[in-house]
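Here is the structure we will look at.
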Amino acid sequence: MPRYDKIVILTGAGLSAESGLATFRDEDGIWARYDYRDVATPEGFERNPSLVYEFYNMRRHDGGTARPNPAHYALTHLQRKHPGEILIVTQNIDILHEAAGATNLIHMHGDMATMLCTNCDARPPWIGDLSAELACPECGLTGGLRPNVVWFGEMPYEMDRIAAAIAACDLFISIGTSGNVYPAAGFVAGARDAGAHTVELNLEPSDTASYFAERRHGKATEIVPAYVDALLKEEAR
C-alpha cells in the first residue's frame, strides 16, 4: 500500500454495532421498530414533541453503557501514529469515537452528548432527559430544546469543511456504512474524482461498494484493526 498524506475516514452505524448499539436499516434495526417520520423529522417533532423526546431519551439511556470497541481504538491509534492529517467524519450520534480518544472529528449528524436550543442556537453539553418544560442554560427560555441531531430533511453539519477535506484527501476509507444515506453515500464519488484511493471496510458490500477501489468485508472489530496495522507497517518502511 502506498503512503498517504491526507486521510478522510467516514464511519457509520456498523462501527458501533459491536459495542451493542442498534443499527438503523438492518432487519431488526431502529427503523424496523419506529417510523422515522414520527421521530426523526422536524414535522414529527412539531406533531408530537413528547414522542420525540421519549425516543431520544430512550436512546441516550440505551447508549449509556456502550463502550468503544477495538475498531474505535484502532482509528484513534491511526490518528496518533500516522504522520499526516486524518479527519474522521461520523454519521453516528454516539460519542464512542471521543471515548476512544479520537480527535479531529466531525459529527455530521449531530450527537447525543449535547442539546440544541432553537431559540438561541446554543449547543451545550447535556446528559439528562430532554423535555419541553426545560429551560435553556444559555438563554433561559423554555420550549426550544431539542436533540442536537440532524433529522431527515435537514442539512448535515460542517458540509463545507467535509467537502474541502474530501477534495484534498489521497485516501478515503468508509467503515460500517450502508451506502444509501445521502449526502454521505456520495463522498466516495467525490474522493475518487479527486484522485484518492478509496477503501470500503464493511460487514458486507454496501450499496456503493462498486465505487471503491479496495473492499474488505467482515466484522469491524476484526477488519479495521487489521487494515490499520497493515497501513502503519507500510508507512514504517
Side-chain angles (χ1 to χ4, degrees), residues 1-16 24-25 71-93 96-98 100-111 150 152-218 220 223-237:
M1 287 182 287
R3 182 167 181 160
Y4 303 103
D5 180 41
K6 296 181 183 295
I7 301 174
V8 174
I9 303 172
L10 173 69
T11 67
L15 183 71
S16 296
F24 288 90
R25 297 171 188 278
H72 293 100
Y73 286 112
L75 296 182
T76 297
H77 180 62
L78 180 61
Q79 279 192 320
R80 291 173 177 169
K81 296 297 184 180
H82 176 67
E85 179 182 336
I86 297 179
L87 173 66
I88 297 175
V89 179
T90 186
Q91 300 173 86
N92 299 337
I93 62 174
L96 296 182
H97 277 301
E98 291 93 329
T103 57
N104 201 25
L105 171 70
I106 294 176
H107 278 276
M108 63 178 293
H109 291 161
D111 66 82
V150 175
F152 288 90
E154 296 180 328
M155 180 62 69
Y157 297 154
E158 300 196 57
M159 286 301 297
D160 289 344
R161 182 183 167 200
I162 294 170
I166 289 174
C169 77
D170 45 19
L171 174 62
F172 175 79
I173 308 170
S174 176
I175 304 172
T177 65
S178 63
N180 59 14
V181 178
Y182 285 85
F187 290 171
V188 60
R192 193 174 63 170
D193 290 345
H197 181 60
T198 54
V199 180
E200 173 171 274
L201 306 178
N202 209 32
L203 183 61
E204 56 190 21
S206 71
D207 286 2
T208 54
S210 62
Y211 285 85
F212 290 89
E214 185 178 350
R215 298 178 291 275
R216 301 186 184 189
H217 300 127
I223 62 173
V224 175
Y227 182 83
V228 167
D229 286 347
L231 184 59
L232 290 175
K233 285 178 182 176
E234 178 66 26
E235 290 182 334
R237 291 181 182 176

Q) When the ring planes of His72 and His97 are compared, do they come out parallel, tilted or perpendicular, using 30° and 60° as the limits? A) perpendicular
Q | Straight-line distance of Ile7 CD1 to His197 NE2, nearest 0.5 Å | A | 11.0 Å
**Q.** Minimal non-hydrogen separation, Ala74 against Pro225, with atom names
**A.** CB-CA, 3.7 Å
Q: With side-chain contact (heavy atoms from CB on, under 4.5 Å) as the test, would you mind laying out the steps for Leu171 and Leu231 before giving the verdict?
A: CA-CA 11 Å; Leu171 174 62; Leu231 184 59; 4.1 Å; yes
Q: Specify the closest pair of heavy atoms between Pro183 and Pro156, including all atoms of both residues, with the distance to one decimal.
A: CD-CG, 3.7 Å
Q: Decide side-chain contact (heavy atoms from CB on, under 4.5 Å) for Ile9 and Leu87; before the verdict, give the C-alpha distance in whole Å, the side-chain angles of both, and the deciding distance to 0.1 Å.
A: CA-CA 6 Å; Ile9 303 172; Leu87 173 66; over 6 Å; no
Q.
Within this structure, what is the CD1-OG distance for the pair Ile175 and Ser16, rounded to the nearest 0.5 Å?
A. 11.0 Å
Q: Kindly say whether Lys6 contributes a backbone atom to a donor-acceptor pair with the side chain of Asp170 at under 3.5 angstrom?
A: yes
**Q.** Check: Glu158 and Met108 side chains under 4.5 Å, non-hydrogen atoms
**A.** no
(Q) Working to the nearest 0.5 angstrom, can you tell me the gap between Leu15 CG and Ile88 CD1? (A) 9.0 Å
Q: Can you establish whether the number of heavy atoms outside Asp193 located under 6.0 Å from its atom CG is more than 12?
A: yes
Q) Is there a side-chain contact between Tyr227 and Ile173, using heavy atoms and a 4.5 Å cut-off? A) yes
Q. Can you check whether Glu85's main-chain N or O pairs, donor with acceptor, with Asn104's side chain at less than 3.5 Å?
A. no
Q | Partner of Glu235 under side chain to side chain donor-acceptor pair (under 3.5 Å), chosen from Arg3, His82, Lys81 | A | His82
Q. Counting N and O atoms only, with roles assigned by atom type, does the side chain of Thr198 sit under 3.5 Å from a partner on the main chain of Ala213, one being a donor and the other an acceptor?
A. yes
Q: Could you go through the side-chain contact (heavy atoms from CB on, under 4.5 Å) check for Leu10 and Gln91 one step at a time?
A: CA-CA 8 Å; Leu10 173 69; Gln91 300 173 86; 4.0 Å; yes
Q: Output yes when a side-chain donor or acceptor of His107 lies under 3.5 Å from a complementary backbone atom of Asn92, and no otherwise.
A: yes
Q.
Any heavy-atom pair between the side chains of Ser174 and Phe187 that's under 4.5 Å?
A. no
Q) Are any of the side-chain heavy atoms of Arg215 and Pro205 separated by less than 4.5 Å? A) no
Q. Roughly how far, to the nearest 0.5 Å, is the OG1 atom of Thr103 from the CZ atom of Arg80?
A. 8.0 Å
Q. Quick one: does Phe172's side chain get under 4.5 Å of Val188's, heavy atoms only?
A. yes
Q | Nearest-0.5 Å distance, CD1 of residue Ile86 to OH of residue Tyr4 | A | 12.5 Å
Q. Under the criterion side chain to side chain contact (heavy atoms under 4.5 Å, CB included), which of Thr11, Thr90, Leu105 is the partner of Leu75?
A. Thr11
Q | Approximate separation, where rounding is to 0.5 Å, of Ile223 CD1 and Leu201 CG | A | 5.0 Å
(Q) Looking only at the side chains, is there a donor atom on one of Ser206 and Glu200 sitting less than 3.5 Å from an acceptor on the other? (A) yes
Q: Return the minimal non-hydrogen interatomic distance between Gly12 and Thr177, and the atom names on each side.
A: N-CG2, 3.5 Å
Q.
Between Asn202 and Gly176 (side chain of the first, backbone of the second, donor and acceptor by atom type, cut-off under 3.5 Å), is there such a pair?
A. yes
Q) Do you know which two heavy atoms are closest between Cys169 and Val8, and how far apart they sit? A) CB-CG2, 3.8 Å
Q. Would you find a donor on one side and an acceptor on the other, under 3.5 Å apart, between the side chain of Asp5 and the backbone of Gly84?
A. no
Q: Start with the C-alpha gap between Glu214 and Arg216, add the side-chain angles, then the distance that decides, and say whether salt bridge (Lys or Arg N to Asp or Glu O under 4.0 Å) holds.
A: CA-CA 7 Å; Glu214 185 178 350; Arg216 301 186 184 189; 2.9 Å; yes
